[in-house]
Peer 1: 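I'd like to ask you about the structure that follows.
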Amino acid sequence: MKKFVGKTIEVMLATKEETIHVMESDNLVLMFSWSSQYIEGSIYQLSSFQLSKNGLNSVINLPLYTELHYFNKKIDSVEYIDDNKIKKMSRSQLLLFYSMCELIRTFEIEVNSANEYICKWE
């Protein structure tokens, strides 16, 4: 799971574009986007996710969970959580969902000697 989340973040940082990875078997979508002050990480249900033609998927889809991961480490914020939809998830989906939430909340970014972004957890 760390590799999946980390790769999504690294691709988003390298491209500065909204980055989406789908977990089809678990009916989940992981999406990251970048702002000058934070990284936004969101989890969506695949069954209700609509892909936008203009790349602003966070505007047209309601997430299960969104967290703003500020570059100022003293600020972190859960922006949105949909308790009603989460309550309807299967046990295996819940375990995966909460693992992803924790990874979104706790990642760190490093830049290596080749100026590439590396996502890691302590």
Peer 1: Please give me the minimum heavy-atom distance between Ser42 and Thr66, naming the atom from each residue.
Peer 2: OG-OG1, 2.9 Å

Peer 1: With no hydrogens and no angle check, is any side-chain donor or acceptor of His21 less than 3.5 Å from a backbone partner on Val5?
Peer 2: no

Peer 1: How close do Met23 and Met1 get, heavy atom to heavy atom, and via which atoms?
Peer 2: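 The pair with the smallest heavy-atom distance is CE-CE, 3.6 Å.
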
Peer 1: As an exercise, state the distance from CD1 of Ile20 to CG of Asn61, rounded to the nearest 0.5 Å.
Peer 2: 8.0 Å

Peer 1: Evaluate the criterion side-chain contact (heavy atoms from CB on, under 4.5 Å) for residue pair Gln37 and Leu68; output intermediate values, then yes/no.
Peer 2: CA-CA 9 Å; Gln37 296 179 6; Leu68 303 181; over 6 Å; no

Peer 1: Please round to the nearest 0.5 Å and tell me the distance separating atom CG of Leu62 and atom CG of Asp82.
Peer 2: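 Nearest 0.5 Å value for the CG-CG distance: 6.0 Å.
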
Peer 1: When you compare the side chain of Ile39 with that of Phe107, does any pair of heavy atoms fall below 4.5 Å?
Peer 2: yes

Peer 1: Take Glu18 and Met12, measure what side-chain contact (heavy atoms from CB on, under 4.5 Å) needs, and give me the verdict at the end.
Peer 2: CA-CA 6 Å; Glu18 186 178 80; Met12 181 273 306; over 6 Å; no

Peer 1: How about Leu94 and Ile86: do any of their side-chain heavy atoms sit closer than 4.5 Å?
Peer 2: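 In contact.
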
Peer 1: To the nearest 0.5 angstrom, please state how far the OH atom of Tyr98 sits from the CD atom of Gln93.
Peer 2: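 It is 12.0 Å, given to the nearest 0.5 Å.
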
Peer 1: Applying a strict under-4.5 Å side-chain criterion to I, L, V, M, F, W and Y, I'd like to know whether Tyr117 and Trp34 cluster together.
Peer 2: yes

Peer 1: With rounding to the nearest 0.5 angstrom, report the NZ to SG distance, Lys2 to Cys119.
Peer 2: 10.0 Å

Peer 1: Would you check if Leu46 and Val22 make a side-chain contact, meaning some heavy-atom pair closer than 4.5 Å?
Peer 2: yes

Peer 1: Nearest 0.5 Å, please: how far is CG in Asp26 from CE in Met100?
Peer 2: 8.5 Å

Peer 1: If only atom types and distance count, is the side chain of Asn112 paired as donor or acceptor with the main-chain N or O of Ala114 below 3.5 Å?
Peer 2: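 Between the backbone of Ala114 and the side chain of Asn112 there is a qualifying donor-acceptor contact (under 3.5 Å).
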
Peer 1: Flag the pair Ile81 / Glu67 as yes when at least one side-chain heavy-atom distance between them is below 4.5 Å, and no otherwise.
Peer 2: no

Peer 1: For a 4.5 angstrom cut-off between non-hydrogen side-chain atoms, does Ile43 reach Ile104?
Peer 2: yes

Peer 1: Hey, can you tell me if Tyr44 and Phe49 have their rings parallel, tilted or perpendicular (30° and 60° cut-offs)?
Peer 2: perpendicular

Peer 1: Has Lys16 got a side-chain atom pairing as donor or acceptor with Leu13's backbone, closer than 3.5 angstrom?
Peer 2: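 Flag set: sc Lys16 to bb Leu13 pair under 3.5 Å.
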
Peer 1: Any idea how Tyr65 and Phe97 line up, ring-wise: parallel (<30°), tilted (30 to 60°), or perpendicular (>60°)?
Peer 2: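 Ring orientation, 0 to 90° scale: perpendicular.
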
Peer 1: Using modelled atom types only, decide if a donor and an acceptor are shared between the side chain of Trp121 and the backbone of Leu103 within a distance under 3.5 Å.
Peer 2: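 Present.
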
Peer 1: Find out if a path of hydrophobic residues (ILVMFWY) with successive side-chain heavy-atom gaps under 4.5 Å connects Val11 to Met31.
Peer 2: no

Peer 1: Is there a side-chain contact between Gln45 and Lys85, using heavy atoms and a 4.5 Å cut-off?
Peer 2: yes

Peer 1: Indicate whether any N or O donor in one side chain lies under 3.5 Å from an N or O acceptor in the other, for Ser77 and Glu79.
Peer 2: yes

Peer 1: Between Asn27 and Ser47, is there a donor-acceptor pair closer than 3.5 Å when you use the side chain of the first and the backbone of the second?
Peer 2: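 Side chain of Asn27 to backbone of Ser47, a donor-acceptor pair under 3.5 Å: yes, one is there.
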
Peer 1: Tell me whether Thr19 contacts the main-chain N or O of Glu17 through its side chain, where contact means a donor paired with an acceptor under 3.5 Å.
Peer 2: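 Pair found, side chain donor or acceptor close to backbone of Glu17.
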
Peer 1: What distance separates Lys120 NZ from Ile9 CD1, expressed to the nearest 0.5 Å?
Peer 2: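 Answer for the NZ-CD1 pair, Lys120 versus Ile9, is 13.5 Å.
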
